[in-house]
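In what follows, chains carry the letters A, B, and so on, assigned in the order in which the sequence lines appear, proteins first and then strands, with residues in each chain numbered from 1. Note that the structure is a prediction, hence the values are computed from the model and not measured.
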Amino acid sequence: MNSRISAAEKTALFLHGRYGHEIEKGIPENPFKVLISCVLSQRTREENTAIASKSLFSVASTPEGISKIPLEELQRLIKAAGLAKQKAKNILQICGAILENGDNVPSNREELMKLPGVGPKTADITLCYGFGIPCIPVDVHVNRISRRIGLVDGPVKLEEVGGLLQKIFGRKDWRIVNRGLVLFGREKCLPRNPKCGICELNEFCKFGRQALNKRA
DNA sequence: AAAACGGGGGC
DNA sequence: GCCCCAGTTTT
């Protein structure tokens, strides 16, 4: 039995138990809303993302509807999310591209990343939450947590971490793994001062054991 | 590889 | 005041 698999099992069980219920409430109901919400969320706290997306979707929530909103009006609607000027421009172009595509959001990574303001994370999140396609979007938090626990080790490039995690986690609910890792990172596995002392994973987490030993 | 975009909230 | 935020694009 590989110890990394064991750590992954424990991690997955914890994520499902602790954060599984979260998946039922906060996810937009269609791929388009997932995509737009994700663009709004870039470099932005969730609370502000929620304010901006609510503000926008209360006016329009389809590619056709949003593409009719003037640029300056759109900027005003989403300003709570920050980077509003660029995001508004991107959203209008994204809506235009979707309309050209028969009113369909692209359902593969390559096509998604051709859209302005859509990089690897936004594309993967759209695939995972919008289309239910198995993939693990990797941001700095997921990367940090995976390395601390020891799920990922050595000179693995950021782009390779997602695929590696998929293998390690096996047939789990990707949405819960994704969401759980992010929430866990925000609550306990913080970048600077992680709360290893009260962390449920500290006994088998490399970083956690080290931190606790240092304290004792 | 590093800077730039960016307003808002916590400390 | 300073730091950070489910990143992406440009230099």
Side-chain angles (χ1 to χ4, degrees), chain A residues 11 15 18-20 22-23 25-28 31-56 71-95 97 106 109-148 151-152 155 157-163 165-166 169 173-195:
Chain A
T11 305
L15 293 176
R18 178 68 182 79
Y19 300 107
E22 290 285 343
I23 219 66
K25 34 189 192 186
I27 297 182
F32 177 68
K33 282 192 174 182
V34 172
L35 174 57
I36 298 302
S37 302
C38 188
V39 169
L40 291 175
S41 81
Q42 289 161 4
R43 295 300 293 174
T44 305
R45 290 176 189 277
E46 277 194 13
E47 307 84 68
N48 296 330
T49 302
I51 294 170
S53 61
K54 201 170 297 180
S55 159
L56 171 59
L71 178 60
E72 291 184 3
E73 166 78 356
L74 185 54
Q75 285 178 25
R76 191 183 61 75
L77 285 171
I78 66 172
K79 73 170 186 306
L83 300 172
K85 194 169 183 176
Q86 194 58 47
K87 285 177 181 174
K89 222 163 76 179
N90 289 339
I91 287 171
L92 286 178
Q93 285 190 43
I94 289 170
C95 288
R109 204 167 190 264
E110 190 185 354
E111 291 299 318
L112 279 168
M113 285 181 61
K114 287 180 183 169
L115 300 172
V118 178
K121 319 291 192 309
T122 303
D124 282 347
I125 287 169
T126 303
L127 292 175
C128 182
Y129 293 106
F131 292 102
I133 295 172
C135 64
I136 296 189
V138 178
D139 57 25
V140 291
H141 305 290
V142 174
N143 188 41
R144 177 183 69 251
I145 295 164
S146 303
R147 288 177 183 278
R148 279 181 179 169
L151 302 177
V152 175
K157 291 176 187 168
L158 190 66
E159 273 290 308
E160 302 168 339
V161 172
L165 287 180
Q166 281 190 58
F169 278 115
D173 185 331
W174 307 107
R175 299 171 311 156
I176 295 178
V177 172
N178 294 338
R179 186 72 179 134
L181 285 173
V182 169
L183 293 174
F184 173 60
R186 189 167 72 194
E187 284 179 9
K188 299 204 177 78
C189 202
L190 304 168
R192 299 291 174 82
N193 297 105
K195 305 180 178 178

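A:Ala88 approaches A:Leu74 most closely through the heavy-atom pair O-CD2, 3.5 Å. Nearest heavy-atom pair, A:Thr126 versus A:Thr122, reported as atom, atom and distance to 0.1 Å: OG1-O, 2.8 Å. Closest non-hydrogen pair, A:Cys128 versus A:Trp174, comes out as SG-CB, 3.9 Å. Here the closest heavy-atom approach between residue A:Gly185 and residue A:Arg144 is recorded as O-NH2, 3.8 Å.
For the pair A:Ser55 (side chain) and A:Ile51 (backbone), a donor-acceptor distance under 3.5 Å is absent. Within the 3.5 Å criterion, the main-chain N or O of A:Lys157 finds a donor-acceptor partner in the side chain of A:Glu160. A side-chain donor-acceptor contact under 3.5 Å links A:Gln42 to the backbone of A:Gly117. Between the A:Tyr19 side chain and the A:Leu181 main chain, no donor and acceptor come within less than 3.5 Å of each other.
Boundaries of the chain A contact region on DNA chain C are C:dC4 to C:dT9, first to last in 5' to 3' order (nucleotide atom under 4.0 Å from a heavy atom). Note that the first and last nucleotides of DNA chain B, 5' to 3', having any atom under 4.0 angstrom from a heavy atom of chain A are B:dC5 to B:dG8.
Where A:Val118 and A:His141 each meet DNA chain C at their nearest nucleotide, the meeting point lying more 5' is that of A:His141. In terms of position on DNA chain B, the residue among A:Glu47 and A:Lys87 whose nearest nucleotide sits closer to the 5' end is A:Lys87. Where A:Arg179 and A:Leu115 each meet DNA chain C at their nearest nucleotide, the meeting point lying more 5' is that of A:Arg179.
Among residue pairs with one or both ends in residues 115-124 of chain A, those qualifying as salt bridge (charged side-chain N to carboxylate O under 4.0 Å, His left out) are A:Arg109-A:Asp124; sequence neighbours excluded.
Across the P atoms, C:dG1 and B:dC5 are found 22 Å apart, a figure rounded to whole Å. Here the separation of C:dA6 from B:dA1, taken at their C1' atoms, is 23 Å to the nearest Å. To the nearest whole angstrom, the two P atoms, one in C:dT8 and one in B:dG8, are 23 Å apart.
At a threshold of 4.0 angstrom between heavy atoms, the contacts of A:Gly82 include nucleobase atoms, whether or not backbone atoms are also involved. Contacts of A:Thr122 with the nucleic acid, taken as non-hydrogen atoms under 4.0 Å apart, involve only primed sugar atoms and P, OP1 or OP2. Among the protein residues, A:Ala81 comes within range of the nucleic acid bases, having at least one heavy atom under 4.0 Å from a base atom.
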Show every donor-acceptor pair shorter than 3.5 Å between a side-chain atom in residues 32-41 of chain A and any protein atom, with sequence neighbours excluded, or say none if there are none.
from: A:Lys33; atom 1: NZ; to: A:Glu29; atom 2: OE2; distance (Å): 3.0
from: A:Ser37; atom 1: OG; to: A:Lys33; atom 2: O; distance (Å): 2.6
from: A:Ser41; atom 1: OG; to: A:Cys38; atom 2: O; distance (Å): 2.8

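Here NZ of A:Lys79 is found 16.0 Å from NZ of A:Lys85. Values are rounded to the nearest 0.5 Å. Between the CD atom in A:Gln75 and the NZ atom in A:Lys87 there is a gap of 12.5 Å [rounded to 0.5 Å].
For DNA chain C, the residues of residues 125-134 of chain A within the heavy-atom distance limit of 4.0 Å (strictly under) are A:Ile125, A:Tyr129, sorted by number.
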Apply side chain to side chain contact (heavy atoms under 4.5 Å, CB included) to the pair A:Val182 and A:Arg186, showing each step before the final yes or no.
CA-CA 6 Å; A:Val182 169; A:Arg186 189 167 72 194; 5.5 Å; no
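Taking the side chain as every heavy atom from C-beta outward, A:Pro120 and A:Glu159 approach each other to under 4.5 Å.
Base pairing in DNA chain B yields stems of at least 3 consecutive Watson-Crick or G-U pairs, both distances under 3.5 Å, namely B:1-5 with C:7-11, B:7-11 with C:1-5.
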